[in-house]
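See structure below.
Indexing begins at 1, ligand by ligand and atom by atom, following the structure's order.
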Amino acid sequence: MRPEALYPLFAPVTTLSGIGPRLSALVAKAAGPHVVDLLWHLPSGLIDRRQIVPIATAPLGTVVSLRVTVDRHMPGSSSRAPYRVQVNDETGSLTLVFFHVRGDWLSKALPVGSRRMISGVVEEFNDSRQMAHPDHMVPLEEEASVATVEPIYPLTGGLPGKVMVKAVRQAVALAPELPEWLDPALLVREKWPSWQEAIRRQHAPDNTGDLGLSPPWRCRLAYDELLSNQLALALVRASLKRGVGRSLAGDGAIRQKIIAGLPFALTGAQERSGREIAEDMNSGSRMLRLLQGDVGAGKTVVALLAMAQAVEAGTQAALMAPTEILARQHLATLERMAAPAGLRLALLTGRDKGKARQKILDALAAGEIDIVVGTHALFQADVAFHDLGLAVIDEQHRFGVQQRLDLAAKGRAVDMLVMTATPIPRTLTLTAYGDMDVSRLDEKPPGRQPVDTRVLPLARLEDVAGGIARAVAGGTKVYWVCPLIEESETSDLAAAADRHDYLRTLLGPRVGLLHGKMKAAEKDAVMAAFAGTELDVLVATTVIEVGVDVPAASIMVVEHAERFGLAQLHQLRGRIGRGSARSTCMLLYAPPLGQIAKARLEILKDSEDGFRIAEEDLKLRGSGELLGVRQSGVPNCRVADLLAHDELLAMARDDTKLILAQDPDLESPRGKALRTLLYLFERDAVVKTLRSG
Ligand code: ADP
Ligand code: MG
């Protein structure tokens, strides 16, 4: 149960005063639906009203405060015309300009002859100084209430800055004093404040330096976030590893048959990873291993050998893919490789319904299926295994911690192998997976030709299309990728459909179209036609991003490459260069391209090393902007910056080890405080895995 002290923070933002239904929707959009979200909504700037300046020398275009005497009122000549009030000080005069304001209100607020402090932006207009709609106009006795520093928060359309400031101020006031979860020695060493104090300081900047990543309060809050992340991952891992594991030691007979039937020899990296996995499965404790390998590194066969071992040991194996297309493709590949060993494979996806589905479920429950390949459908409550020994999760970045727990619950001490091709940098691996055991396929199968990558402006599109016509005539297959813009899926489809029409006009009917809105059966048919002989060109949105394998495709064109994350482009490019032909990838960008954007695309030109690419991308753009990261399951850090705070991350990892070694169930006073930390960062599901949760 969430500690009572946190209740006010998990109330909806509507409970704050001045935030009705309309504004709360906007606040929720900008920050999040709960009061606690406002605490993590950090100021992006500040307005300093402490500087009181003379009218004549007031800097233009920024917020200033002035002490003035009201001189005269000049109502507009018509209701449309602005109402003006002239004010002055010893140095000059200034016109305050108001639109749509009632004169009687202004006469009260600014009586002629009175002294006022006003604060706002001074501008020059026809040689005279003026200020439209001052933010504040108060008698001098009250100037202390105006001459302050106000934080500026990121907003969303229609949400006034003042509303956000007021909402956050209330949230900060609600932030309770919480039991300290950090080691007191650490606090002393780093000079970090308490959590409550850190929250207060973070939202009360005094100067722009206070908004940076290095003040002690920011580091403290970042550390809290990273610690909650590391602790959550470690606890999930502990709960998965808990209890008796089982040894899935096979006799190697099935694996031998599979290896004998392969048209290639395993690479050193495949052998090594295979051995690591086999040892984990042999051992009595539960396997929780990440198989990380760049696209094309050959993860599938390593997974198949692991699944074969599970079958040798008398259990079943499941392989879960993120999409229907991938599940089908995996099944086809696995069936081909598993045929010599006589394994029984089946597919289970959301498309299987009624009797057909029931048949598969019955066979699974009866143990008549050795390996089942599927999508999320494998999680469903009525899916029961005879005895699930190993779960392989492909492209795991689309699955969350909860799903890992769900799948594990389908069997008794199920071993888990998670495959990912997302070349996430090492720091991010840690935040996404914690200290999972990792096997890396760091060596590609031999004979791969490097992909020739070119970066071209979109204006060259017709040339590119012409070149493709020639290549297609020579028997090459081509991917043509149109970008997906999150906000407007329909206009993307339109763009892809237009390109499809255009290429059809140019190349004839052997051009197909694949997009996310198509029905699964249609997608399969198009993919099959492209993999087979019917289609030469496949125009697609990013649905082809992961896994799809058509060795004859050796050209890829990506439109608006600048809109993609580098990791994503690298994944896409991994679809070509799989056959023996020399491959070309053309990245078309829309000018003008900024320096960073240009540098990013150049990295792809220079490197095919997914890890290097991801590290460079991270350096250039910062973790928050890594497009691939949002989909990669790397938790979205709100306070921590994975680049600037990487040392904090390492500290949090070590701290986590120490904490769990001493107090694995978080039962000591500090352990209880750490539970509060987990709740604060909404890791409720993780707390439930604790024995006395
Ligand atoms: P990944 O899933 O890691 O992107 P795949 O498992 O799909 O890669 O393998 C990519 C291609 O390389 C497949 O066509 C596969 O048959 C082939 N392949 C895998 N291992 C080897 C190897 N040791 N030697 C040659 N080709 C291999
Ligand atoms: Mg794959």
Subject >> Backbone of Leu604 reached by a side-chain donor or acceptor of Ser607 within 3.5 Å >> reply: no
Do the charged groups of [X] and [Y] touch, with an N to O distance under 4.0 Å?
X      : Y      : answer
Lys519 : Asp524 : no
Asp387 : Arg246 : yes
Glu276 : Arg289 : yes
Arg510 : Glu534 : no

Original post:
For ligand 1, which atoms sit closer than 4.0 Å to a heavy atom of Thr300?
Top reply: 2 (O), 5 (P), 6 (O), 7 (O)
Subject >> Numbered atoms and elements of ligand 1 in range of Thr267, under 4.0 angstrom, heavy atoms >> reply: 23 (N)
Original post:
What is the minimum heavy-atom distance between Phe564 and Val481, and which atoms define it?
Top reply: CZ-CG1, 4.1 Å
Does any N or O atom in [X] lie less than 3.5 angstrom from one in ligand 1, N or O only?
X      : result
Phe264 : no
Leu266 : no
Gly298 : yes

Original post:
For residues 248-268, which residue pairs qualify under side-chain hydrogen bond (donor to acceptor under 3.5 Å, both in side chains), counting only residues two or more places apart or in two chains?
Top reply: Arg255-Gln309, Arg255-Glu312, Thr267-Gln270
**OP:** Determine whether any heavy atom of Pro263 lies closer than 4.0 Å to an atom of ligand 1.
**Re:** no
Original post:
Does Gly293 have a heavy atom less than 4.0 Å from any atom of ligand 1?
Top reply: no
Original post:
With a 4.0 Å heavy-atom cut-off (strictly under), which part of Ala265 contacts ligand 1: side chain, backbone, both or neither?
Top reply: backbone
**OP:** Give the contacting part of Gln270 toward ligand 1: side chain, backbone, both or neither, where contact means a heavy-atom distance below 4.0 Å.
**Re:** side chain
